[in-house]
**Q** 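Once you've had a glance at the structure underneath, I'll fire off some questions.
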Amino acid sequence: MIQLKGLDISNNAVREIPRNIGELRSLVSLNACNNQISYLPPSFLYLSDLQQLDLSGNNLTALPTGIYNLFSLKEINFDGNPLLRPPMEICKGRQLYTIARYLQRADERD
């Protein structure tokens with residue numbers, strides 16, 4: 001499985017992403033839309049080859065600050081989540097830089 005490039009677990013009522021998702025170092029595309037995911041495990045930030053991420057339609061309220069370390073991300077979608085950190089209006093443009101900058105500034109304030 002460590003050679004897996006694409007993973008589509010959308011529309012499956014998944015409640016959580018496995019804690020060891022970071023072991024899928026070759027993962028380029030993750031589609032986990034329309035589930036019940038409420039958080040991203042720390043190892044998620046090890047997916048350095050990830051280019052496409054769709055977590056729309058879940059229960060995420062916060063994104064990890066370290067998401068800015070996922071330099072390869074080109075397409076992101078967090079629509080339809082009750083995000084508070086960052087707020088959904090920050091995520092609507094689907095720009096990783098904008099999201100990461102918001103999270104970094106929020107950490108500095110905290």
Side-chain angles (χ1 to χ4, degrees):
M1 294 260 311
I2 56 175
Q3 298 301 319
L4 189 68
K5 300 276 186 203
L7 180 59
D8 186 342
I9 56 171
S10 58
N11 302 304
N12 278 298
V14 173
R15 292 184 182 270
E16 60 185 44
I17 291 178
R19 285 180 286 163
N20 59 347
I21 186 89
E23 293 175 14
L24 301 177
R25 306 281 175 149
S26 299
L27 198 63
V28 174
S29 175
L30 175 59
N31 184 352
C33 68
N34 301 318
N35 284 297
Q36 298 170 13
I37 299 165
S38 59
Y39 74 97
L40 299 175
S43 74
F44 180 82
L45 299 175
Y46 298 142
L47 299 174
S48 59
D49 288 346
L50 196 62
Q51 295 177 20
Q52 296 176 299
L53 174 62
D54 188 347
L55 287 167
S56 60
N58 278 286
N59 295 323
L60 293 170
T61 57
L63 298 177
T65 301
I67 200 165
Y68 63 83
N69 288 323
L70 298 177
F71 301 115
S72 298
L73 265 180
K74 295 177 182 156
E75 296 177 32
I76 53 175
N77 187 350
F78 299 112
D79 292 353
N81 281 283
L83 280 168
L84 302 172
R85 190 171 189 272
M88 199 56 228
E89 57 265 16
I90 298 292
C91 296
K92 283 196 184 214
R94 299 183 183 177
Q95 298 294 315
L96 182 61
Y97 176 80
T98 305
I99 294 168
R101 192 72 190 127
Y102 176 92
L103 291 170
Q104 286 174 321
R105 287 182 178 160
D107 277 355
E108 290 169 5
R109 284 191 303 269
D110 294 346

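Just so you know, these numbers come straight off a predicted model, no measurement behind them.
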**Q** Between N69 and I67, is there a donor-acceptor pair closer than 3.5 Å when you use the side chain of the first and the backbone of the second?
**A**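 No; zero donor-acceptor contacts below 3.5 Å.
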**Q** Can you list the steps and then say if D107 with R85 is a side-chain contact (heavy atoms from CB on, under 4.5 Å)?
**A** CA-CA 10 Å; D107 277 355; R85 190 171 189 272; 2.5 Å; yes
**Q** For L47 and I21, work out which heavy atoms get closest and say how close.
**A**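 Shortest heavy-atom separation between L47 and I21 comes out as CD2-O, 3.3 Å.
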**Q** Roughly how far, to the nearest 0.5 Å, is NZ of K92 from CG of N77?
**A**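 If we round to the nearest 0.5 Å, N77:CG and K92:NZ are 11.0 Å apart.
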**Q** Determine whether R25 and I2 satisfy the following criterion, side-chain contact (heavy atoms from CB on, under 4.5 Å), listing intermediate values before the conclusion.
**A** CA-CA 6 Å; R25 306 281 175 149; I2 56 175; over 6 Å; no
**Q** Considering all heavy atoms of both residues, which atom of F44 and which atom of L50 are nearest to each other, and what is their separation?
**A**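 Looks like CZ-CD2, 4.1 Å.
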**Q** How close do L70 and L45 get, counting heavy atoms only, and between which atoms?
**A**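 That would be CD2-O, 3.6 Å.
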**Q** Let me check something: do L4 and V14 share a hydrophobic cluster, defined by ILVMFWY side-chain heavy atoms less than 4.5 Å apart, either directly or through other members?
**A**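 Result: yes, single cluster for both.
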**Q** Is F78 atom CZ crowded by more than 12 heavy atoms from other residues, nucleotides or ligands, each under 6.0 Å away?
**A**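 More than 12 heavy atoms, drawn from other residues, nucleotides or ligands, come within 6.0 Å of this atom.
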**Q** Under the criterion side-chain contact (heavy atoms from CB on, under 4.5 Å), which of N35, L30, N31, I37 is the partner of C33?
**A**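 When N35, L30, N31, I37 are each tested with C33, the side-chain contact (heavy atoms from CB on, under 4.5 Å) holds only for N31.
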**Q** Measure the shortest side-chain to side-chain distance between N34 and S10 over non-hydrogen atoms and say whether it is less than 4.5 angstrom.
**A**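 The answer is no, as the side chains (C-beta and beyond) never meet within the 4.5 Å cut-off.
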**Q** Side-chain heavy atoms nearer than 4.5 Å, only ILVMFWY residues, links allowed to pass through others: does that put I90 and L84 together?
**A**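 No, because I90 and L84 fall into different hydrophobic clusters, even though each may have its own neighbours under 4.5 Å.
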**Q** Hey, could you give me the OG/CD1 distance between S56 and I76, rounded to the nearest 0.5 Å?
**A**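 If I round to the nearest 0.5 Å, the distance is 12.0 Å.
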**Q** Could you measure the distance from the OG atom of S29 to the CG atom of D8? Nearest 0.5 Å is fine.
**A**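 Here the rounded value is 7.5 Å.
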**Q** Would you confirm whether N81, through its side chain, and N58, through its main-chain N or O, come within 3.5 Å as a donor-acceptor pair?
**A**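 Checked: pair present.
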**Q** Atom CD of Q3 and atom CG of L24: how far apart are they, to the nearest 0.5 Å?
**A**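 Rounded to the nearest 0.5 Å, the CD-CG separation comes to 10.5 Å.
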**Q** Could you give me the CA-CA distance, side-chain angles and deciding distance for M88 and D79, then say whether side-chain contact (heavy atoms from CB on, under 4.5 Å) is met?
**A** CA-CA 7 Å; M88 199 56 228; D79 292 353; 3.5 Å; yes
**Q** Please confirm whether the backbone N or O of R19 pairs with a side-chain atom of S43, one donor and one acceptor, at under 3.5 Å?
**A**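 Side chain of S43 to backbone of R19, a donor-acceptor pair under 3.5 Å: yes, one is there.
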**Q** Between Y46 and L96, is there shared hydrophobic-cluster membership here, with clusters defined by ILVMFWY side-chain heavy atoms closer than 4.5 Å?
**A**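 In one cluster: no.
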**Q** Identify the two heavy atoms, one from S48 and one from S72, that lie closest to each other, and give their separation to 0.1 Å.
**A**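 Minimum heavy-atom contact is O-OG, 2.9 Å.
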**Q** Any side-chain heavy atom of P87 sitting closer than 4.5 Å to one from Y102?
**A**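 The answer is yes, as the side chains (C-beta and beyond) meet within the 4.5 Å cut-off.
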**Q** Can you name the nearest heavy-atom pair linking A100 to Y68, along with the distance?
**A**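 Closest pair (atom of A100, atom of Y68, distance): CB-CB, 3.2 Å.
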**Q** Mind listing the closest non-hydrogen atom pair of S26 and D49 along with its distance?
**A**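 What the structure gives for the nearest pair is CA-OD2, 4.1 Å.
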**Q** For the atom pair CG (L7) and CG (L27), what is the distance rounded to the nearest 0.5 Å?
**A**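 That separation rounds to 6.0 Å.
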